[in-house]
Amino acid sequence: MPHDSDVLVDGSLVEPVVAALTAEVSLAPQSLIRFTELIRRFGRFIAFTYEVEDLRAVTPSMTAAFVRSPSSDGPPTSSVVHLRRTAVRVCFRVARDLGLADGDPTLDLELPAREPGSLSPLTDEEVTLCRFASVASLDETRLPAAWALVEATARTAELHLITGAEVDLVAGRVWLPGAARVSARWGLLSPWGRLQIERRVRAIGDPAAPLTYAGKGSAHSRQAASCISISSTFARAGLSDDPGIRPLSVTAWAGRQILDECGRIEVVAQRLGNRSLDRTARLIGLDWAAGSL
């Protein structure tokens with residue numbers, strides 16, 4: 001089977017998706033480059049290999065063939081196949097919103113866990129996928145607000161305690177109350193996250209009401225419901241099949257972002273609310289001895 005990069009094929013069936021992604025404010029520039037490149041490659045692959053002219057005709061087996069297709073230097077690495085699957089999921093997520101597709105051919109595509117039995121920090125692309133997945137409709141605000149809070153380093157034990165009164169939308173931050181082994185701190189909201197929190201605060205209308213729970217259940221019920229909101233987003237994004245993906249995977253992603261910004265592990269620990277530098281280093285995959293990621 002020819003490799004898709006070896007041929008020039010019209011992959012225009014995915015160009016509406018690429019255009020929509022280019023206009024999407026939640027995408028970091030590097031993620032946008034990766035997504036558009038991979039989605040266009042996917043479009044060329046299915047057009048050339050299967051003569052597909054409509055995204056509705058794409059099957060799981062076609063998608064699996066693309067995800068596992070050889071790279072220029074041989075079989076794809078685990079990280080490459082996971083990135084390809086994420087890109088195709090984003091493609092179909094956007095395509096459904098545009099009315100160009102009805103389902104997602106990647107949902108039953110199982111890949112081996114990147115590091116079986118260990119925590120896997122989310123990638124930038126997976127965070128973007130989860131942002132898309134959390135917003136199932138224009139009037140849905142609870143799940144995207146919960147996701148915005150975990151991006152801001154909130155733990156699942158803190159989510160049900162956060163109300164609109166703890167949000168400073170002008171500064172783009174939220175006060176996180178702390179929990180067992182986690183200190184209270186300010187969490188910084190991304191531009192996407194600030195928009196979701198603003199929408200949630202407006203929808204609730206009561207600054208004293210929790211952002212991620214509606215009801216009068218016990219503290220245990222409130223915490224459980226808030227945790228489910230994150231696991232539901234993972235499920236919608238098709239990431240719940242990887243045992244290494246957990247809510248703490250988002251915290252690990254956030255920690256790596258902070259380390260890239262400042263290069264100081266003590267700042268990462270403070271921003272994450274961690275009281276141990278060693279624990280922080282383990283969480284984000286920092287090798288203390290080597291001093292590198």
Using the rule that Ile, Leu, Val, Met, Phe, Trp and Tyr join whenever any side-chain heavy atoms are under 4.5 Å apart, tell me whether [X] and [Y] fall into a single cluster.
X      : Y      : value
Leu55  : Val18  : yes
Val90  : Ile33  : no
Ile228 : Leu239 : no
Leu189 : Trp186 : no

- Task: Evaluate the criterion side chain to side chain contact (heavy atoms under 4.5 Å, CB included) for residue pair Leu211 and Val167; output intermediate values, then yes/no.
- Result: CA-CA 10 Å; Leu211 294 176; Val167 176; 3.9 Å; yes
- Arg40 vs Glu15, side chain to side chain contact (heavy atoms under 4.5 Å, CB included): CA-CA, chis, key distance, verdict: CA-CA 7 Å; Arg40 281 179 168 140; Glu15 283 307 313; 2.9 Å; yes
Answer yes or no: does atom [atom1] of [X] have more than 12 heavy-atom neighbours from other residues, nucleotides or ligands under 6.0 Å?
X      : atom1 : result
Asp108 : CG    : no
Gln270 : CD    : no
Glu261 : CD    : yes
Glu266 : CD    : yes
Arg264 : CZ    : no

Within this structure, what is the [atom1]-[atom2] distance for the pair [X] and [Y], rounded to the nearest 0.5 Å?
X      : Y      : atom1 : atom2 : value
Thr280 : Arg275 : OG1   : CZ    : 11.5 Å
Leu13  : Leu100 : CG    : CG    : 9.0 Å
Gln196 : Arg131 : CD    : CZ    : 9.0 Å

- Task: Indicate, with yes or no, if the rings of Phe132 and Trp147 have centres closer together than 6.0 Å.
- Result: no
Any donor-acceptor N or O pair under 3.5 Å, side chains [X], [Y]:
X      : Y      : value
Trp175 : Asp168 : no
Ser226 : Gln223 : no
Thr106 : Arg89  : yes

Return the set of residues passing side chain to side chain donor-acceptor pair (under 3.5 Å) with [X] (not counting sequence neighbours), or none when no residue passes.
X      : result
Glu198 : none
Arg93  : none
Arg68  : none

- Item | Criterion side chain to side chain contact (heavy atoms under 4.5 Å, CB included) on Thr251 and Val150, from CA distance to verdict | CA-CA 7 Å; Thr251 309; Val150 293; over 6 Å; no
Which atom pairs, donor and acceptor, lie under 3.5 Å between side-chain atoms of residues 202-210 and protein residues at least two apart or in another chain?
{"from": "Asp206", "atom 1": "OD1", "to": "Ala208", "atom 2": "N", "distance (Å)": "3.0"}

- Message: My understanding is that only residues two or more places apart in sequence, or in another chain, count here; which of them pass salt bridge (charged side-chain N to carboxylate O under 4.0 Å, His left out) with Asp73?
- Response: none
- cation_pi(Arg84, Phe42) dist<6.0 Å, angle<=45: no
- Yes or no on side chain to side chain contact (heavy atoms under 4.5 Å, CB included) for Ser249 and Leu119, after CA distance, side-chain angles and deciding distance? CA-CA 7 Å; Ser249 297; Leu119 178 77; 3.4 Å; yes
- Query: By the rule that ILVMFWY residues connect when side-chain heavy atoms come within less than 4.5 angstrom, directly or transitively, which residues belong alongside Leu83?
  - Reply: Leu38
- Given the options Arg185, Arg271, Glu158, Thr153 meets side-chain contact (heavy atoms from CB on, under 4.5 Å) only with Arg185
